[in-house]
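Proteins get letters first, then strands, A, B, ... in listed order; numbering begins at 1 in each.
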Amino acid sequence: MTLLSVEDLHTHFISRDLDNQIRTARALNGVSFSLDAGRILGLVGETGAGKSLTATSIMGLLRPPARVVGGRALFEGRDLLAMPEAEINALRGRDMALVVQSPKSSLDPLSRIGDQLIRIHRAHRKASERQARERAVQMLASLGIPDPSRRMQAWPHELSGGMAQRVLIALALMNEPRLLIADEPTTGLDVTVQAQILDLLRDLVRRTGIGAIIITHDLGVVAHYCDEMAVMYAGTIVESGPVRQVFAHPAHPYTANLIGATPERLKLGGARTVGGPPPNLFRLPEGCAYRDRCPQAGADCATSPPDVALGAGHIARCHRVAA
Amino acid sequence: MTPVLEVEGLEKRFPAQGGRTVHAVNGVSFTINAGETLGVVGESGSGKSTIGRAVIRLLKPDGGQVRFQGRDITRLPESACRPLRSEMQMVFQDPWSALNPRIRIGDLIAEPLLLHTKLPRGERQDRAEHLARRVRLTTELLTRYPSELSGGQLQRVCIARAIATNPKLIVLDEPTSSLDLSVRAGILELLAELKAETGAAMMFISHDLGTVKLISDRIMVLYLGGVVEYAPAAQVFAEPAHPYSQALMSAHLPADPMAVLRRHVLEGEVPSPINLPPGCHFASRCPVAVPDCRRHAPELRPVHGDTAHQAACLRIAEGANRIPELQHG
């Protein structure tokens with residue numbers, strides 16, 4: 001069952017420069033993907049590709065000068081982008097939750113862990129202080145936090161990075177959301193802790209049937225914890241499909257380059273990897289944004305590339321891909 | 001031939017609040033030969049960066065010995081360390097903060113030549129251009145300022161600075177951790193080329209196991225400031241002997257969905273380096289620890305008689321060092 005369906009999402013940063021000219025950074029240029037309940041989607045890409053912006057656009061968390069200028073995001077059939085503020089506020093934190101990057105700066109430094117958990121629960125559900133507290137203790141325990149009743153009293157600064165990340169996940173799960181978006185949930189954590197957090201997320205999805213999106217730049221995380229993947233470049237999804245399929249047969253030249261740059265595939269002393277800064281969002285080229293870096297680019301790449309369906313849900317947005 | 005770097009029983013302590021002491025590095029020994037890359041892995045707080053800084057004398061060791069090209073530099077006064085730095089260089093994790101934002105790229109690359117050589121200005125500039133091309137930067141960037149360059153380009157500037165004086169040893173502390181995947185690949189390719197060409201000894205410090213595996217000849221695994229395993233790179237990944245190495249390697253996620261993971265899970269948290277437990281520092285989390293482990297600190301010993309592969313675990317000799325695997329579906 002489709003839980004979330006994002007269709008042709010466009011987000012721009014519109015501002016005035018020093019000469020009072022309007023400048024538009026086209027940060028998201030037609031992002032489309034869908035997520036089924038009980039599945040984990042990995043949203044991958046390099047810095048500036050628009051991964052986090054996709055999440056904040058969907059969740060209605062954009063701040064000016066960023067603005068959604070087109071597209072739909074259907075959550076259980078209802079368009080999140082067309083919803084009045086009050087309505088999406090009620091959904092966010094209850095039916096859908098975002099685990100943001102950098103756990104230590106995302107917790108309220110002036111509240112104890114337990115109070116934050118209780119607060120988010122009572123903001124969305126009718127529950128007594130005692131019920132909320134019981135639920136919070138259970139939640140901490142289910143996330144593998146030892147001695148949860150004592151931890152309820154802890155202040156955020158007393159937590160290690162891995163512990164803070166678990167608390168953040170606990171906050172997101174307090175109200176049993178049906179959609180969870182985790183933005184770089186393990187970046188900056190040690191590998192042994194990373195594995196514990198990701199195991200937890202996967203078990204949760206398998207057990208409760210919620211849908212989850214993991215935003216990451218780490219292809220190892222995608223390879224082992226996600227069912228589907230979507231690769232972003234310059235604000236579009238250039239390729240998406242089942243993880244094994246995309247790794248085995250990357251169709252878009254950017255995806256092939258990205259997978260080829262992983263330490264597992266990289267051959268030192270062999271052909272040089274094509275890498276570089278992301279394109280300037282103020283001056284995106286017409287047609288395919290990757291064509292400046294693409295070894296296979298031709299004249300037709302100056303026109304918008306089509307989404308080519310390759311079967312079994314595998315799609316690539318490229319002129320060079322044959323169906 | 002004398003190794004470029006020989007470290008024996010290195011110790012480094014830092015003062016902590018309340019007159020206590022953080023034991024950051026506790027008796028670490030290793031050598032690096034010319035043309036060799038030693039990978040140093042371990043999680044936060046394992047002492048990776050402290051060791052890197054101590055061997056090039058950015059920090060003063062509290063114990064043990066550091067010999068550079070056969071010469072004991074452990075207690076050299078600061079003034080005597082300066083000229084040495086033309087032969088031992090360091091590349092840091094964050095190129096944005098490693099470069100003075102108000103100096104042009106060309107002058108940044110030429111700076112080590114100004115400090116360590118008597119080359120006239122014109123020759124320094126020529127050499128800076130040559131170095132820029134060497135690290136694959138276009139020479140038009142030489143007149144720019146750091147804020148105009150991308151992270152990958154800035155890290156190339158840092159590498160150009162590090163190789164400017166033809167050093168014998170380069171310590172790289174997480175040089176690719178802040179870079180995107182495709183940019184990182186370019187830097188790794190460059191480092192491999194430089195190693196082959198210059199024959200410099202490299203110490204590559206990183207928490208990214210995939211990268212370390214790719215670039216290193218040998219790998220040293222650290223836990224709480226001590227070496228738990230020291231072996232050729234492929235061997236550490238294929239047959240880690242120390243229980244901690246087994247858990248660490250098993251948590252590594254190769255970017256290949258078909259790779260089979262053999263997962264082990266570690267319980268508990270890393271003990272505080274202020275109150276180090278006696279005996280093996282890993283015993284408090286080790287699934288195969290016996291009471292003896294908490295009494296006797298194990299020394300690095302050859303694994304099954306193989307002197308190239310060493311590990312510090314009492315239980316290897318009796319063949320009881322394998323930790324159980326986690327089944328997951």
**Structural part of B:Ala259 lying under 4.5 Å from a heavy atom of chain A** = both
**Message:** For the backbone of A:Glu46 and the side chain of B:Asp180, can you confirm whether one donor and one acceptor N or O come within less than 3.5 Å of each other?
**Reply:** no
**Asked** When only pairs under 4.5 Å are counted, which of B:Ser44, B:Gly151, B:Ala196, B:Gly42 shares the most heavy-atom pairs with chain A?
**Response** B:Ser44
**Item:** Structural part of B:Leu191 lying under 4.5 Å from a heavy atom of chain A
**Value:** neither
**Asked** Do you know the tightest heavy-atom contact between A:Ala223 and B:Ala255?
**Response** CB-C, 4.1 Å
**Message:** Taking side chain as everything from C-beta outward and backbone as N, CA, C, O, which of these in A:Leu198 sits under 4.5 Å from a heavy atom of chain B? Side chain, backbone, both or neither.
**Reply:** side chain
**Item:** Residue B:Lys213 excluded, over 12 heavy atoms near NZ under 6.0 Å
**Value:** no
**Request:** Could you tell me which non-hydrogen atom of A:Leu266 sits nearest to which non-hydrogen atom of B:Leu188, and how far apart they are?
**Result:** CD2-CD1, 4.2 Å
**Message:** When you measure from the side chain of A:Glu264 to the backbone of B:Gly210, do you find a donor-acceptor pair of N or O atoms at a distance under 3.5 Å?
**Reply:** no
**Asked** Taking only heavy atoms into account, what residues of residues 242-253 of chain B are found under 4.5 Å from chain A?
**Response** B:Ala247, B:Leu248, B:Ala251, B:His252, B:Leu253
**Prompt:** Can any side-chain N or O of A:Asp190 pair as donor or acceptor with the backbone N or O of B:Glu43 at less than 3.5 Å?
**Reply:** no
**Prompt:** With a 4.5 Å heavy-atom cut-off, do A:Arg265 and B:Pro254 have their side chains touching?
**Reply:** no
**Listed partners of B:Ser178 passing side-chain hydrogen bond (donor to acceptor under 3.5 Å, both in side chains), at least two apart** = none
